[in-house]
Asks: 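Take a look at this one; I'll ask things after.
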Amino acid sequence: MTEGAPASTPAAATSGSLRPVRVRFAPSPTGYFHVGGAKTSLYNWIYARQHGGAFVLRIEDTDAERNRPEWIDGIQRAMEWIHTGLDSYGPAWDEGPYFQSHNLDRHVDAGRRLYERGRAYYCDCTREQIDGRNAAHKAATGETRTGYDGYCRDRDNPPVPGSALRFRVDHEGVTVVDDLIRGNPEFANATLEDFVILRGNGSPMFILANVVDDIDMRISHVIRAEEHLPNTPKAQLLWQALDGGPLPTFAHVPLLVNAKRQKLSKRRDPVALEMYRDEGYLPEAMRNFLMTLGWAPQGDTEIVPWDFIMREFRLEDVHSSPAFFDVTKLQAFNGEYIRALSVDDFEARAQPWLVAPHAPWTDEQFDPAVFRAMAPLVQTRVKRMNEVPEHVDFLFLDHAPHDVQAWEKTMKGDAASILDHVIALYETIEWNADALQHAIGVVAEQHGTKPGKAQGPIRVAITGRTVGPPLFHALELLGRERTLERLRRARAKLD
RNA sequence: GCCCCGUUCGUCUAGAGGCCUAGGACACUACCCUCUCAAGGUAGCGGCACGGGUUCGAAUCCCGUACGGGGUACCA
């Protein structure tokens with residue numbers, strides 16, 4: 001620890017609150033759009049809207065190795081998707097996308113400026129050399145040290161290619177971060193190492209590019225994930241060294257974690273917003289759910305209209321502890337949103353899943369009128385729109401789908417005689433759901449069982465499954481001929 | 001190792017010293033409804049990490065401990 005560190009630095013005092021609110025969301029295009037990123041962008045966007053500010057989209061594509069152009073478009077499409085239906089509040093982003101790579105000269109200039117002012121120095125240490133010295137240090141003192149040891153700090157190295165430019169951290173004092181969510185975390189400057197801002201090949205590091213762009217774009221509030229908190233003091237030091245003006249106010253939002261409480265990662269967890277979209281989650285359900293991770297609307301319900309969230313949300317009220325991204329709960333939200341849809345809306349939303357490749361039937365087999373008749377029954381039974389086809393496929397396919405387990409479970413005992421009996425009745429009966437159901441009641445009674453039990457073999461013969469939408473309603477739609485054909489076909493297999 | 005952040009039912013949360021016998025939601029269990037499955041309804045299960053303070057009174061304030069997480073790159 002340093003001696004007698006001051007309680008605060010100008011950091012908190014100078015961060016402007018009278019400046020126009022300008023926030024930014026700065027994803028790096030290294031993969032699909034992360035659900036955590038979606039949440040952060042929503043926070044940014046709401047904050048901008050609430051304060052009459054601007055929301056800037058900036059693509060941080062400085063890591064050429066890992067960036068792929070196709071991800072850039074994907075991120076924008078995903079952002080538009082999560083904003084579906086929010087047009088009345090303004091666009092998904094107000095400015096941009098800006099590309100960090102286009103500002104390369106500004107970043108390099110900033111680095112050079114810092115060098116000229118003695119705020120940065122060139123370093124030609126290799127990682128191996130640094131590690132070696134740290135190992136020797138440990139051997140000599142027993143103290144473990146992993147960071148840069150400041151070896152070149154006072155060697156006045158020339159700016160030759162291959163040498164990295166390091167920021168010269170003033171190790172005196174304390175840097176205080178003005179953070180809306182976490183109070184004001186303090187970092188002793190002595191614990192900050194001289195970090196690289198320009199690589200040996202001359203390209204800027206993230207922290208430099210990020211700060212320079214934030215200054216240039218006059219960003220007033222930096223709302224980002226908690227993982228960035230540790231490098232915030234470095235960013236503030238850079239900001240001041242570059243005469244960036246009033247420091248931005250920060251808000252470090254809690255991480256989204258998996259069941260093991262580790263931060264959601266692109267490689268081991270299902271984090272792609274696009275994937276949830278393609279599975280049939282509704283954007284309004286997803287965004288509502290995302291908002292409840294680390295924050296809750298007033299009252300006893302978490303599922304609330306978006307305008308309520310826009311009104312009630314306070315960045316200051318956001319939690320500071322991580323939240324588990326619980327897909328089960330997301331599904332519950334989604335199911336509730338689906339059920340709240342009007343039947344017309346439900347049909348419209350279901351469209352993408354009613355055609356190939358999502359649907360197992362052809363356009364010729366599909367009958368919109370039949371689907372329409374089934375829609376209300378399907379609506380209460382799906383949690384994701386991609387579940388829609390399996391509830392109605394038997395109505396459009398030529399034969400009942402095959403399910404061995406369902407068959408074995410129901411096609412035993414007196415299934416054969418029940419089928420015989422039902423076939424006989426269905427050949428002449430009036431063809432409507434009530435009559436169809438009544439007939440099963442008669443059959444059940446004669447077999448000394450309950451209607452619920454007797455409908456089992458019929459259901460499997462027709463739909464291939466043991467569960468599904470109300471059977472007799474479906475039979476009415478299927479028609480006498482196709483129904484009888486399936487019943488006879490099933491019956492024949494039992495001989 | 002060092003720096004930083006965090007800790008209310010299994011999970012997401014409400015809770016700003018007395019309104020808390022800690023509320024809601026998801027999940028789970030049971031029952032009702034019912035042609036299966038859902039949906040819906042009713043009920044139940046289940047929590048303030050621990051230890052010290054402060055206070056007439058603490059889930060709420062302070063300190064410590066434990067545990068969890070994030071960062072510690074010439075990644076972003």
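Quick note on labels: first sequence line is chain A, next is B, and so on, each numbered from 1.
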Asks: My understanding is that a pair needs two contacts under 3.5 Å, Watson-Crick or G-U wobble. By that rule, which nucleotide pairs with B:U72?
Replies: B:G1

Asks: So what does A:Ala164 touch, heavy atoms closer than 4.0 Å: a base, only the sugar-phosphate, or nothing?
Replies: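 The residue A:Ala164 makes base contact.
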
Asks: Using atom C1' in both nucleotides, what's the gap between B:G69 and B:C28 to the nearest angstrom?
Replies: 28 Å

Asks: Can you tell me the Watson-Crick or wobble partner of B:G6, both distances under 3.5 angstrom?
Replies: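 B:C67 - that is the nucleotide pairing with B:G6, both distances being under 3.5 Å.
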
Asks: When rounded to the nearest Å, what value does the distance between P atoms of B:U42 and B:C26 take?
Replies: 12 Å

Asks: Looking at A:Thr146 and B:G1, is any side-chain donor or acceptor paired with a base atom of the opposite kind under 3.5 Å?
Replies: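 Flag set: donor-acceptor pair detected.
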
Asks: Would you measure the distance from the P atom in B:G40 across to the matching atom in B:A25 and give it in whole Å?
Replies: 12 Å

Asks: Whole angstroms only, please: what is the CG-P distance between A:Asn210 and B:C75?
Replies: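 So the CG-P distance, A:Asn210 to B:C75, works out to 15 Å.
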
Asks: With heavy atoms under 4.0 Å as the rule, sort A:Arg465 into base, sugar-phosphate or nothing.
Replies: nothing

Asks: Please determine, for the side chain of A:Lys263, which listed nucleotide (B:G71, B:U13, B:C12) has the closest atom?
Replies: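 Selected nucleotide (nearest to the side chain): B:G71.
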
Asks: Closest to the A:Arg182 side chain: B:A76, B:G6, B:A14?
Replies: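 The answer is B:G6.
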
Asks: Touch check for A:Arg145, heavy atoms < 4.0 angstrom, all strands: base, sugar-phosphate only, or nothing?
Replies: nothing

Asks: With RNA chain B as reference, determine whether A:Glu226 or A:Lys453 sits nearer its 5' end, using the nearest nucleotide of each.
Replies: A:Glu226

Asks: Among B:A76, B:U11, B:G6, which nucleotide has an atom closest to any side-chain atom of A:His228?
Replies: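 The nucleotide sitting nearest to the side chain is B:A76.
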
Asks: Given B:G24, is OP1 or OP2 found less than 4.0 Å from the side-chain N or O atoms of A:Thr301?
Replies: no

Asks: Pick the P atom in B:G10 and in B:A22, then give their distance to the nearest Å.
Replies: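 So the two P atoms sit 15 Å from each other.
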
Asks: When rounded to the nearest Å, what value does the distance between P atoms of B:C33 and B:G24 take?
Replies: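 Approximately 26 Å lies between the P atom of B:C33 and that of B:G24.
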
Asks: Taking atom C1' in both B:C50 and B:U34, compute the distance separating them and give it to the nearest angstrom.
Replies: 50 Å

Asks: Could you work out the separation of B:G44 and B:A27 based on their C1' atoms and round it to a whole Å?
Replies: 14 Å

Asks: Could you check whether A:Gly183 gets within reach of a base, just the sugar-phosphate, or nothing at all, counting any heavy atom under 4.0 Å?
Replies: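 No contact.
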
Asks: Counting side-chain heavy atoms from CB outward, which of B:G69, B:U36, B:A39 is closest to A:Val467?
Replies: B:U36

Asks: Look at all strands and tell whether A:Glu193 reaches a base, only sugar-phosphate, or nothing, counting heavy atoms closer than 4.0 Å.
Replies: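 If one applies the 4.0 Å heavy-atom cut-off, A:Glu193 turns out to touch the sugar-phosphate alone, with no base involved.
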
Asks: Would you mind classifying the nucleic acid contact of A:Glu227 as base, sugar-phosphate or nothing, using non-hydrogen atoms under 4.0 angstrom?
Replies: sugar-phosphate

Asks: Without decimals, in angstroms, what is the distance between A:Asp326 CG and B:C26 C1'?
Replies: 7 Å

Asks: Could you tell me the separation between the CG atom of A:Asn157 and the P atom of B:C74, rounded to a whole number of Å?
Replies: 16 Å

Asks: Taking NZ, NE, NH1 and NH2 as the nitrogens, is one of them in A:Lys263 or A:Glu227 under 4.0 Å from a carboxylate oxygen of the other?
Replies: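 A:Glu227 and A:Lys263: salt-bridged.
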
Asks: A:Arg459 has a side chain; which of B:C35, B:G1, B:U13 sits nearest to it?
Replies: B:C35

Asks: Give none if B:G57 has no partner; otherwise give the nucleotide forming a Watson-Crick or G-U wobble pair with it, both distances under 3.5 Å.
Replies: none

Asks: Is any side-chain N of the basic residue among A:Arg465 and A:Glu390 closer than 4.0 Å to the acidic one's carboxylate O?
Replies: no

Asks: So, do A:Phe325 and A:Leu330 sit near enough that their side-chain heavy atoms are less than 4.5 Å apart?
Replies: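 The answer is yes, as the side chains (C-beta and beyond) meet within the 4.5 Å cut-off.
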
Asks: Return yes if the base of B:C37 and the side-chain atoms of A:Arg381 contain a donor-acceptor N/O pair under 3.5 Å, otherwise no.
Replies: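 When only heavy-atom distances are counted, A:Arg381 does reach the base of B:C37 through a donor-acceptor pair under 3.5 Å.
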
Asks: Without hydrogens or angle criteria, can the side chains of A:Thr463 and A:Arg459 be said to hold a donor-acceptor pair below 3.5 Å?
Replies: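 No, no side-chain donor-acceptor contact under 3.5 Å.
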
Asks: Establish, with yes or no, whether the OP1 or OP2 oxygen of B:U72 is under 4.0 angstrom from a side-chain nitrogen or oxygen of A:Arg127.
Replies: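 Negative; the distance criterion is not met.
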
Asks: A:Gly294 near the nucleic acid: base, sugar-phosphate alone, or nothing, with a heavy-atom cut-off under 4.0 Å?
Replies: sugar-phosphate

Asks: To the nearest Å, give me how far apart CE (A:Met291) and C1' (B:C26) are.
Replies: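 From A:Met291 CE to B:C26 C1': 19 Å.
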
Asks: Which nucleotide in the set B:U7, B:C12, B:G69 lies at the smallest distance from any side-chain heavy atom of A:Ser321?
Replies: B:U7

Asks: What is the base-pairing partner of B:U29, counting Watson-Crick and G-U wobble geometry with both distances under 3.5 Å?
Replies: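 With both distances under 3.5 Å, B:U29 matches B:A43.
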
Asks: Between A:Lys329 and A:Glu302, does any NZ, NE, NH1 or NH2 come within less than 4.0 Å of an OD or OE carboxylate oxygen?
Replies: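 Looking at A:Glu302 and A:Lys329, the cut-off is met.
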
Asks: Can you check the distance between B:G15 and B:U21, where both ends of the measurement are the C1' atom (answer in whole Å)?
Replies: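 Nearest-Å result for B:G15 against B:U21 at atom C1': 16 Å.
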
Asks: Calculate the interatomic distance between A:Asp434 atom CG and B:U34 atom P; express it in whole Å.
Replies: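 That distance rounds to 15 Å.
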
Asks: Other residues, nucleotides and ligands only: do more than 12 of their heavy atoms fall within 6.0 Å of NE2 on A:His102?
Replies: yes

Asks: Taking only the side-chain heavy atoms of A:Lys329 (C-beta and beyond), determine which of B:A25, B:C75, B:C4 contains the nearest atom.
Replies: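 Among the listed nucleotides, the one closest to the side chain of A:Lys329 is B:A25.
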
Asks: Closest approach to the side chain of A:Leu471, judged atom by atom: which nucleotide of B:U11, B:C12, B:C35 is it?
Replies: B:C35

Asks: How do A:His319 and A:Phe472 order along RNA chain B: which one's closest nucleotide is nearer the 5' end?
Replies: A:His319

Asks: Could you check whether A:Gly452 gets within reach of a base, just the sugar-phosphate, or nothing at all, counting any heavy atom under 4.0 Å?
Replies: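 Since only primed, P, OP1 and OP2 atoms lie under 4.0 Å of A:Gly452, the category is sugar-phosphate.
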
Asks: In whole angstroms, how far is the C1' atom of B:C75 from the NZ atom of A:Lys234?
Replies: 12 Å

Asks: Please determine if a side-chain N or O atom of A:Arg261 lies less than 4.0 Å away from the OP1 or OP2 oxygen of B:G10.
Replies: no

Asks: Would you indicate what A:Gln437 reaches in the nucleic acid, counting non-hydrogen atoms under 4.0 angstrom: base, sugar-phosphate, or nothing?
Replies: base

Asks: Without decimals, in angstroms, what is the distance between A:Gln129 CD and B:A73 P?
Replies: 16 Å

Asks: State the CG-CG distance between A:Leu255 and A:Leu264, to the nearest 0.5 angstrom.
Replies: 8.5 Å

Asks: Counting heavy atoms from C-beta on, name the nucleotide in B:A27, B:C75, B:C35 closest to the side chain of A:Ala332.
Replies: B:A27

Asks: Which of these passes side chain to side chain donor-acceptor pair (under 3.5 Å) with A:Asp194: A:Arg153, A:Lys234, A:Arg166?
Replies: A:Arg153

Asks: Below 4.5 Å, heavy atoms only, C-beta onward: do A:Phe33 and A:Met79 meet side chain to side chain?
Replies: yes

Asks: Mind checking if A:Pro27 touches a base, just sugar-phosphate, or nothing, with heavy atoms under 4.0 Å?
Replies: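 No contact.
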
Asks: With side chains defined as the heavy atoms from C-beta onward, is the minimum distance between A:Ile46 and A:Met291 less than 4.5 Å?
Replies: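 Yes. Closest side-chain heavy atoms under 4.5 Å.
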
Asks: Rounded to the Å, how far apart are A:Ile338 CD1 and B:A38 C1'?
Replies: 13 Å

Asks: Out of B:G23, B:U36, B:C12, which nucleotide sits closest to the side chain of A:Pro470?
Replies: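 For the A:Pro470 side chain, the nearest candidate turns out to be B:U36.
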
